[in-house]
A.B. asks: 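Below is one structure. I have some questions about it.
For ligands, and for the atoms within them, numbers begin at 1 and follow the listed sequence.
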Amino acid sequence: MKNTRLSLSVRLPAGYLPPRLAAVAAELAERFSLRLYLQAAQDLRVAEICEEDFETVKSILAEAGAEFARKGSFPKPRICSGSRYCRRGQVDTEAFSTALLEHFGDRGVKPKLKLAIAGCPRNCSNPKLADIGIVAGVHGFEVYAGGRAGANPVAGQKIAAGLSQHEVFTLLETLLAFHNGRMEKRVRMYQLIEDEGFPFPVL
Ligand code: SF4
């Protein structure tokens, strides 16, 4: 009978893989014949785990600081290299993402909500294909809403420009409250942007 193989997705905020976690994942991969993938969503997928090894692998990763994706947890933004590693960057996208996750903490959101942050208008992290996209520029941040990837991609629409980081967070408070306040169990931002109650105009 074929053994069931399972996988785990380890959340890596800003796509950063701490050395200890990297070392432990590599050791586990050797020991249990696992495969490690860096995913498009900037997570680490630990794949090919035998069912009987699953809890052991999970607890060793957790001890090394791994955080696993949970339903309804606040989405980790997809980011580009930003000013830390890219000469075009107008902002340190990792620092922005960290501040955003600290600010919104464990706040619950509806499933499938996606956020992305780009360090300049070249949009390498595809912020216009996310429910909420934040783009840094020389004149402050622009915010886009209503994008999605998939078989029928939709480009997000600009709803604010020239914002400071603090103003972006204030805008997100309003936008997320609106999104969370909807009756639907799951609803993407592109389905709401033309709703008469949508809290921001399309620019
Ligand atoms: S979006 Fe801009 S800052 Fe970010 S990686 Fe691309 S070129 Fe660099």
A.B. asks: May I ask you to list the atoms of ligand 1 that are less than 4.0 angstrom from any heavy atom of G119?
C.D. replies: 3 (S), 4 (Fe)
A.B. asks: Report yes or no: does C86 have an N/O/S atom closer than 2.8 Å to atom 8 (Fe) of ligand 1?
C.D. replies: yes
A.B. asks: Any side-chain donor-acceptor pair under 3.5 Å between R45 and S7?
C.D. replies: yes
A.B. asks: Tell me, which protein residue and heavy-atom name are nearest atom 2 (Fe) of ligand 1, and how many Å apart are they?
C.D. replies: C120 SG, 2.3 Å
A.B. asks: Quick one: nearest non-hydrogen protein atom to atom 4 (Fe) of ligand 1, plus distance?
C.D. replies: C80 SG, 2.3 Å
A.B. asks: Give a yes or no on whether a salt bridge exists between R35 and E48, defined as a side-chain N under 4.0 angstrom from a carboxylate O.
C.D. replies: no
A.B. asks: For R107, is there an ion pair with E173 - N to carboxylate O distance below 4.0 angstrom?
C.D. replies: yes
A.B. asks: Are the side chain of S125 and the backbone N or O of I117 linked by a donor-acceptor pair below 3.5 Å?
C.D. replies: yes
A.B. asks: Counting only heavy atoms closer than 4.0 Å, does ligand 1 sit against the backbone of N123, its side chain, both, or neither?
C.D. replies: backbone
A.B. asks: Please check if atom CZ in R182 has more than 12 non-hydrogen atoms from other residues, nucleotides or ligands closer than 6.0 Å.
C.D. replies: yes
A.B. asks: Counting from 1, what ligand 1 atoms have a heavy atom of G89 closer than 4.0 Å?
C.D. replies: 3 (S)
A.B. asks: Identify the closest protein heavy atom to atom 1 (S) of ligand 1: which residue and atom is it, and at what distance?
C.D. replies: C124 N, 3.3 Å
A.B. asks: Can you say whether the rings of F104 and F169 are parallel (under 30°), tilted (30 to 60°) or perpendicular (over 60°)?
C.D. replies: perpendicular
